[in-house]
There are 2 protein chains.
Amino acid sequence: MKESKVPTLKSIAEKLNISVTTVSKALKGYSDVSPVTRQKVLDIAEELNYTPNSIAVNFRTKQSKTIGIIIPEVVHHFFSSIINGVIEEAERQNYFVIILQSNENKEMEKKQVELLISKRVDGIIMSLSNQSNDEDYLKKIIDRNIPLVLIDKISKLIDCSKVIIDDKKAAFDAVNHLINIGCKKIAHIRGPLNPQNSIDRFLGYKTALDHHNIPFDSSLVYPCKRVCYEEGYDFTKQLMNDHPDVDGIFAITDLVAVGALTYLNDQQIKIPNQVAVIGFSNWFMSSVISPKLSTIDQPGFKMGAQAFLLLKEEMESMRNAGKRVCKTITLNTDLIIRESTSK
Amino acid sequence: MKESKVPTLKSIAEKLNISVTTVSKALKGYSDVSPVTRQKVLDIAEELNYTPNSIAVNFRTKQSKTIGIIIPEVVHHFFSSIINGVIEEAERQNYFVIILQSNENKEMEKKQVELLISKRVDGIIMSLSNQSNDEDYLKKIIDRNIPLVLIDKISKLIDCSKVIIDDKKAAFDAVNHLINIGCKKIAHIRGPLNPQNSIDRFLGYKTALDHHNIPFDSSLVYPCKRVCYEEGYDFTKQLMNDHPDVDGIFAITDLVAVGALTYLNDQQIKIPNQVAVIGFSNWFMSSVISPKLSTIDQPGFKMGAQAFLLLKEEMESMRNAGKRVCKTITLNTDLIIRESTSK
DNA sequence: TTGTATGCGTTATCAC
DNA sequence: GTGATAACGCATACAA
């Protein structure tokens with residue numbers, strides 16, 4: 001009874017004894033097909049539940065209407081916000097989004113790039129793993145003329161479009177705020193040495209100190225490897241031992257800051273009176289933890305949406321002019337003041 | 001200088017003055033090609049940086065090696081864990097994953113299904129929106145013989161493979177635990193009326209009361225619409241007004257439970273001594289909030305990985321035997337006891 | 001207004 | 001061992 005075969009233009013054509021071309025044109029609303037024929041085609045298509053085989057269309061048109069995004073990990077508020085932004089905007093423009101994770105692993109990232117190239121996606125959005133900067137496989141994307149947009153975790157050495165925030169300024173704002181509420185000795189639990197935004201946040205920290213003539217003390221800087229809750233906890237413990245008189249902490253990200261808060265809470269150290277803490281990213285947790293965490297709001301969703309729009313521009317420019325756009329969009333961040341810095 | 005054209009079998013063949021067939025065979029390691037020829041092909045392929053055009057391959061083999069997953073929203077710890085599991089397992093098996101969101105909207109979900117069907121994905125994994133159950137568009141997936149696996153938010157009315165937890169039992173465990181620590185009057189901030197797991201958790205709540213001969217009081221049940229932090233906060237406020245003597249709260253999910261905790265904290269109501277609170281899902285936040293939230297651990301990652309494996313089984317069964325597997329896998333949940341229920 | 005022919009890149013069949 | 005040929009489903013240039 002049930003027609004198990006998937007309907008194609010051909011099966012419609014055969015049913016009506018007309019050519020595949022006419023069916024194709026009718027379905028696409030071309031003007032050079034008679035209203036009568038068109039209606040017949042439409043009816044049969046409806047009846048057969050026809051949907052175009054998009055693989056064939058992709059093959060024919062050389063566009064997959066699919067983009068790939070490679071990020072360190074989906075299970076992370078900031079990255080999933082980015083993904084959300086990308087998907088929403090992509091959807092609006094009829095693009096599909098394939099998600100690949102690098103798990104902060106350079107080899108994995110390389111493999112993912114190869115996969116996407118082979119998959120012939122129309123473009124790629126990437127947030128680099130902490131291990132990578134100007135690796136060969138990134139250059140390969142460029143060489144292949146595949147539209148590329150880097151987002152948040154970028155490399156300054158790769159010439160392509162980028163969507164970023166001003167990490168240095170944002171970090172400056174955070175530390176400046178700590179100083180303004182009276183902190184004199186501020187520690188920085190920083191990220192790994194390689195990633196650009198980790199570097200920039202560190203520079204922002206340093207600049208803010210400079211700005212207020214507070215001498216920089218490298219022993220107050222603790223570098224995370226995995227940038228996790230535990231490191232926030234452990235480094236704070238170490239910090240409070242090394243420098244019992246510290247009165248402010250700027251953490252590379254909220255997760256680390258929450259680890260810091262937890263240690264301070266455990267030790268009954270008063271926040272913010274004895275030690276003020278500020279994080280970075282503004283993920284949901286920050287607003288419900290006790291004390292509520294001050295932080296820098298990083299517009300993940302918006303960054304994702306912008307990245308897609310920029311990628312689309314790249315794709316069009318590449319098709320039409322055969323060259324890249326290479327624009328960098330810097331989105332604003334906001335200082336969010338909550339209990340952990342409200343003296 | 002740079003070869004702007006993407007290398008194909010043909011370009012390799014031309015360079016070597018051999019046939020496309022031979023190139024194809026050589027690249028795929030067929031035995032009926034001489035070692036010499038093979039090496040030459042391999043060398044040129046390497047030199048040209050050849051990667052097979054997978055769109056063409058998909059077209060030819062009628063497999064896209066791509067699956068689609070439709071979930072309510074990515075920016076949610078549980079769902080992103082599921083995605084993580086799906087992606088990791090898919091990657092291991094050389095599949096790509098396209099992610100689509102329904103935003104808890106039935107119309108959107110329907111549209112996403114149509115898109116995936118048209119995209120000719122090899123299979124679909126879905127976590128249903130709160131609005132849907134046995135909608136036509138789900139049946140359409142079945143009718144089209146597209147492998148389908150429902151995960152977590154399922155419909156009992158659709159006959160396909162499923163990956164779930166035993167929501168009723170898990171909820172029973174949670175409420176049973178509240179009773180065991182001495183709670184006599186337990187409220188339930190439940191989910192919407194439609195979703196199966198919201199129903200099952202409610203039933204688990206009721207069964208646990210029954211089990212201990214505690215009369216069920218429907219006025220102690222508050223139904224969320226959006227299942228968010230604010231609802232947790234507001235319903236708890238309402239609850240404490242309606243029933244000042246309540247001593248336990250079972251919330252449909254951690255997010256709601258955290259809203260409840262916040263209200264109780266704000267009102268200086270002692271947790272757990274005056275009111276004990278337990279959530280559901282065990283997302284990261286629960287373990288760092290104050291007081292630390294007791295909850296039910298829901299293995300999102302594992303569910304996602306299982307869902308992919310089951311989908312693969314479906315895909316193979318469909319190809320080989322032309323029929324579905326329709327297996328239901330129920331994963332274990334764990335009761336996580338933390339401060340919010342440690343009297 | 002309709003239809004014919006061609007090709008996209010790959011793979012499978014079958015002949016040489 | 002090798003290669004010519006067809007086929008997958010669709011879109012387009014062009015012919016009728």
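Since we're looking at a predicted model, the values are computed, not measured. Below, all heavy atoms of this structure are taken into account, side chains as well, without hydrogens, waters or symmetry copies. Sequence lines set the chain letters: A, B, ... in the order given, protein chains first and strands last, and positions in each chain run from 1.
- Remark: A/Ser24 is not in phosphate contact with D/dT12, judged by side-chain N or O atoms under 4.0 Å from OP1 or OP2.
- Looking at heavy-atom distances under 4.0 Å, B/Leu9 makes contact with a base.
- When the side-chain hydrogen bond (donor to acceptor under 3.5 Å, both in side chains) test is applied to B/Glu114, the partners found at least two apart in sequence or on another chain are B/Lys140.
- For the OP1/OP2 pair of D/dG3 and a distance below 4.0 Å, the side-chain nitrogens and oxygens of B/Thr22 include at least one atom meeting the criterion.
- At the heavy-atom level, A/Ile18 lies under 4.0 Å from the strands shown only through sugar-phosphate atoms.
- Under the stacking definition used here (centres under 5.5 Å, planes under 30°), the residue B/Phe59 fails to qualify as stacked on the base of C/dT10.
- Taking a 6.0 Å sphere around NZ of B/Lys65, one finds it holds more than 12 heavy atoms contributed by other residues, nucleotides or ligands.
- If you check every strand for non-hydrogen atoms under 4.0 Å, A/Val20 touches nothing.
- Mapping A/Thr8 and B/Thr21 onto DNA chain D by nearest heavy atom places B/Thr21 at the nucleotide closer to the 5' end.
- Within a 6.0 Å radius of NZ in B/Lys302, other residues, nucleotides and ligands contribute 12 heavy atoms or fewer.
- When the side-chain nitrogen and oxygen atoms of A/Lys62 are compared with OP1 and OP2 of C/dG7, none of them lie within a distance under 4.0 Å.
- Judged by distance alone with a 3.5 Å cut-off, no donor-acceptor contact links the side chain of B/Ser19 to the base of D/dA4.
- At the heavy-atom level, A/Asp32 lies under 4.0 Å from base atoms of the strands shown.
- Listed pair B/Tyr30 / C/dT13 fails the phosphate criterion, with no side-chain N or O lying under 4.0 Å from OP1 or OP2.
- Salt bridge absent: A/Glu313 and A/Arg324 never bring a charged side-chain N and a carboxylate O closer than 4.0 Å.
- Checking the phosphate oxygens (OP1, OP2) of D/dG1, no side-chain nitrogen or oxygen of B/Thr37 falls inside 4.0 Å.
- In terms of polar N and O atoms assigned as donor or acceptor, the side chain of B/Lys25 comes within less than 3.5 Å of the base of D/dG3 in a complementary pairing.
- Of the two residues contacting DNA chain C, namely B/Pro7 and A/Pro35, the nearest-nucleotide position lying further toward the 5' end is that of A/Pro35.
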